Amino acid sequence: HLECGFGGACLAVWEEERYPEGIKWKFLEHKGPVFAPPYEPLPENVKFYYDGKVMKLSTKAEEVATFFAKMLDHEYTTKEIFRKNFFKDWRKEMTSEEKSTITSLSKCDFTHMSQYFKAQSEARKQMSKEEKQKIKEENERLLKEYGYCVMDNHKERIANFKIEPPGLFRGRGNHPKMGMLKRRIMPEDIIINCSKDSKIPAPPPGHKWKEVRHDNKVTWLVSWTENIQGSIKYIMLNPSSRIKGEKDWQKYETARRLKKCVDKIRNQYREDWKSKEMKVRQRAVALYFIDKLALRAGNEKEEGETADTVGCCSLRVEHIKLHPELDGQEYVVEFDFLGKDSIRYYNKVPVEKRVFKNLQLFMENKQPEDDLFDRLNTSILNKHLQDLMEGLTAKVFRTYNASITLQQQLKELTNPDDNIPAKILSYNRANRAVAILCNHQRAPPKTFEKSMMNLQSKIDAKKEQLADARRELKSAKADAKVRRDEKSKKSVESKKKAVQRIEEQLMKLEVQATDREENKQIALGTSKLNYLDPRISVAWCKKWGIPIEKIYNKTQREKFAWAIDMAEEDYEF
DNA sequence: AGTTAGACTTAGTAAAACAGTA
DNA sequence: TACTGTTTTACTAAGTCTAACT
């Protein structure tokens with residue numbers, strides 16, 4: 001309570017009990033995962049052709065073939081790496097006979113299979129209401145049975161209780177493993193984690209779990225090893241759960257602690273730009289980028305295992321260009337690299353002279369593919385940060401800068417005289433400033449142009465409606481002047497109201513248009529969900545009388561329940 | 001100090017659900 | 001009621017960071 005400043009009255013779920021260091025729970029009971037439905041072989045009449053001739057595939061080979069057939073319309077089935085990886089893995093599933101016959105992917109004809117799946121999905125769309133209802137009910141039953149667990153004294157929602165079905169791997173960007181077969185996960189691959197005194201979930205009949213363990217130092221319920229990267233996948237709780245909410249709260253508290261010492265840290269790294277030690281200078285310049293530009297830390301990645309993307313510490317010489325002068329500004333650094341998810345980061349930033357000179361130094365005698373910060377990695381950087389503040393790591397700067405930006409922008413942009421839609425536009429703009437800072441992008445929605453046109457025609461229609469209403473008001477006024485009776489006075493009043501109402505509607509539409517246009521390629525969700533201290537938003541809503549539902553939908557309100565409960569209108573990040 | 005496994009957060013996209021309208 | 005555009009949810013890949021190990 002001292003920490004949250006909430007006083008003794010709060011007995012919210014997320015802070016009712018403190019565990020000793022590292023202990024995550026005392027009791028954990030769940031039903032285990034839901035497996036992907038077994039493969040259903042194609043009907044006899046759906047054919048696969050090799051080299052122009054019908055060929056009946058073994059069940060295993062057929063299953064993998066259907067994965068490819070389902071993706072046929074996608075551009076990546078034309079990519080060489082995808083095809084090569086797919087074919088290699090597909091051949092592993094073939095019988096020796098199939099292997100000797102099928103030697104070239106380009107001779108494979110999946111079009112009939114593809115048509116069949118298209119027809120299937122068409123049929124699914126055309127299903128009757130009753131059939132759809134039945135499916136919905138089945139899903140609800142599954143959720144009810146497997147979608148919840150008991151952790152300590154609470155029934156909690158599980159985030160992903162379904163095991164990922166087999167299919168073809170498609171990484172993002174230019175991924176060297178695209179097209180590889182993601183194998184089917186069996187109970188024998190699964191590790192169950194639950195408490196000893198709980199009812200241990202039963203494996204499907206005829207199967208066994210790989211292991212059942214009782215580790216209360218971790219939060220996951222189920223894990224398995226995935227075959228593409230060999231990494232571990234987990235089933236964990238929903239963001240609305242106590243265990244996630246508490247962690248989220250902690251994250252923002254760490255960022256708030258950074259707020260208290262960020263000036264000192266900034267002074268420190270500016271000093272370090274002058275250090276005799278190259279390692280210290282590199283660390284200081286990198287930290288400056290992380291702080292100023294909200295770059296990610298940039299761990300090393302194994303070459304050939306993933307797409308070639310970088311973060312701050314892994315920047316290479318080829319990713320920046322130095323301009324002593326550009327467009328009337330001095331010491332401009334031009335960044336151009338692929339970050340997480342192969343999203344391009346492109347930015348031209350004027351920097352301080354010392355930073356610029358240091359960068360020139362770091363780049364001396366290097367090839368484009370050499371590391372910019374050759375004496376630095378995330379581990380060195382984070383160790384240093386740890387010394388500056390307990391719990392400080394590179395990512396805290398992103399959280400801190402995102403949240404502080406939201407708070408500043410809200411202060412700056414909110415106009416007390418605005419109505420609610422206009423205030424919400426201001427909120428979205430503040431949110432947008434953060435999304436731009438963090439480089440959260442999205443592909444422009446496929447229907448974007450069309451939807452803008454629709455909105456514009458709505459606006460035009462509304463304008464005409466407004467003009468009509470005004471004309472009517474005018475004539476009613478004239479009429480009232482002549483007649484001077486109650487009835488015509490009343491008519492003027494109601495016409496006035498009508499004009500007002502339409503004006504408001506028009507304004508709302510125009511605001512919506514602006515908002516949408518500005519948002520074309522920017523994704524607000526990621527920052528809202530992961531970087532913005534929700535208490536800032538809650539406080540803002542309280543201060544301006546905006547219903548919280550206008551800012552957070554149901555899921556978001558569940559995730560941020562702790563903040564909605566905690567924050568008052570005077571909350572300061 | 002470097003390497004790797006493990007656990008957890010952050011990320012964009014596709015599918016599903018919903019809401020508004022013809 | 002069917003359709004269409006928008007919002008929400010599901011999905012799972014791709015990061016960060018710690019700790020154990022060498």
Side-chain angles (χ1 to χ4, degrees), chain A residues 22 24 36 74 121 124-126 129 132 135-136 139 143 147 159-165 167 169-173 175 177-178 182 191 193 215 217-220 223 225-226 228-239 243-244 247-248 250-251 290 295-302 305-307 309-314 338-343 377-383 385-386 391-399 402 435 438-443 445-448 450-455 458 512 516 521-531 552-556 558:
Chain A
K24 305 291 169 60
H74 248 286
S121 82
R124 225 170 303 131
K125 274 185 219 155
Q126 297 302 321
K129 234 183 191 167
K132 282 183 184 165
I135 292 174
K136 204 177 160 188
N139 285 337
L143 175 68
N160 55 324
F161 59 91
K162 288 181 186 159
I163 300 278
E164 297 169 21
F169 176 80
R170 168 61 174 140
R172 298 194 234 258
H175 198 117
K177 299 195 172 183
M178 63 169 87
K182 223 173 87 163
I191 302 174
N193 192 34
D215 182 357
K217 295 206 172 49
V218 296
T219 67
W220 53 267
S223 77
T225 302
E226 149 275 339
I228 303 291
Q229 309 285 358
S231 65
I232 310 169
K233 299 240 175 177
Y234 303 93
I235 292 181
M236 290 185 187
L237 296 193
N238 198 68
I243 203 148
K244 295 288 183 188
K247 196 82 189 293
D248 206 34
Q250 244 181 56
K251 174 180 78 184
I290 284 171
L295 300 190
R296 295 186 185 83
N299 285 306
E300 291 115 299
K301 307 166 73 184
E302 210 169 335
E305 294 291 302
T306 62
T309 63
V310 297
C312 186
C313 292
S314 50
L338 297 182
K340 181 175 178 180
D341 292 316
S342 293
I343 297 292
N377 60 41
T378 54
S379 161
I380 295 170
L381 178 66
N382 280 333
K383 257 186 206 120
L385 293 176
Q386 193 59 238
L392 186 61
T393 62
K395 81 197 258 288
V396 179
F397 283 87
R398 250 167 102 80
T399 311
C438 295
N439 200 230
H440 291 142
Q441 298 188 32
R442 62 167 183 178
K446 286 188 187 73
T447 54
F448 185 84
K450 203 174 152 201
S451 114
M452 274 325 271
M453 299 237 294
N454 285 347
L455 196 53
K458 265 191 193 171
Q512 206 186 347
R516 195 177 297 178
Q521 308 201 61
I522 297 166
L524 299 185
T526 304
S527 50
K528 202 175 192 176
L529 240 45
N530 300 299
Y531 288 102
Y552 292 137
N553 68 30
K554 187 166 152 281
T555 319
Q556 295 165 340
E558 280 166 10

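Computed from a prediction, not measured in an experiment: that's the story for all the values here.
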How many whole angstroms separate atom [atom1] of [X] from atom [atom2] of [N]?
| X | N | atom1 | atom2 | result |
| --- | --- | --- | --- | --- |
| A/Leu529 | C/dT7 | CG | C1' | 14 Å |
| A/Ile235 | C/dT12 | CD1 | P | 11 Å |
| A/Lys177 | C/dT12 | NZ | P | 18 Å |
| A/Met236 | C/dA10 | CE | C1' | 17 Å |
| A/Lys217 | B/dG6 | NZ | P | 17 Å |
| A/Glu302 | C/dA14 | CD | P | 15 Å |

Quick one: which of [options] gets closest to the side chain of [X]?
| X | options | result |
| --- | --- | --- |
| A/Lys301 | C/dG15, C/dT18, B/dA14 | C/dG15 |
| A/Glu164 | B/dC8, C/dA14, C/dA13 | C/dA13 |
| A/Lys233 | B/dA14, C/dA13, C/dA14 | C/dA13 |
| A/Lys162 | C/dC11, B/dT10, B/dG12 | C/dC11 |
| A/His175 | B/dG2, B/dA11, C/dA14 | C/dA14 |
| A/Ile232 | B/dG6, C/dC17, B/dT13 | B/dG6 |
| A/Ala297 | C/dC17, C/dA14, C/dG15 | C/dC17 |
| A/Thr219 | C/dA13, B/dC8, B/dA11 | B/dC8 |

With sugar-phosphate meaning primed atoms plus P, OP1 and OP2, does A/Lys554 contact a base, only sugar-phosphate, or nothing at under 4.0 Å between heavy atoms?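 The residue A/Lys554 makes no contact with any strand.
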Does A/Lys395 or A/Trp220 map to a spot on DNA chain B nearer the 5' end, using the closest nucleotide for each?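 It is A/Trp220 whose nearest nucleotide is closer to the 5' end.
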Report yes if some heavy atom in the side chain of A/Leu381 is under 4.5 Å from a heavy atom in the side chain of A/Ile290; otherwise report no.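 When only atoms from C-beta onward are counted, A/Ile290 and A/Leu381 do touch, with a gap below 4.5 Å.
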Looking just at side-chain N and O atoms, do A/Ser314 and A/Lys301 make a donor-acceptor pair shorter than 3.5 Å?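 No pair is found: no donor N or O on one side chain lies under 3.5 Å from an acceptor on the other.
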Can a donor-acceptor pair under 3.5 Å be found between the side-chain atoms of A/Lys340 and the base atoms of B/dT10?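 It does, because a donor-acceptor pair links the side chain of A/Lys340 to the base of B/dT10 below 3.5 Å.
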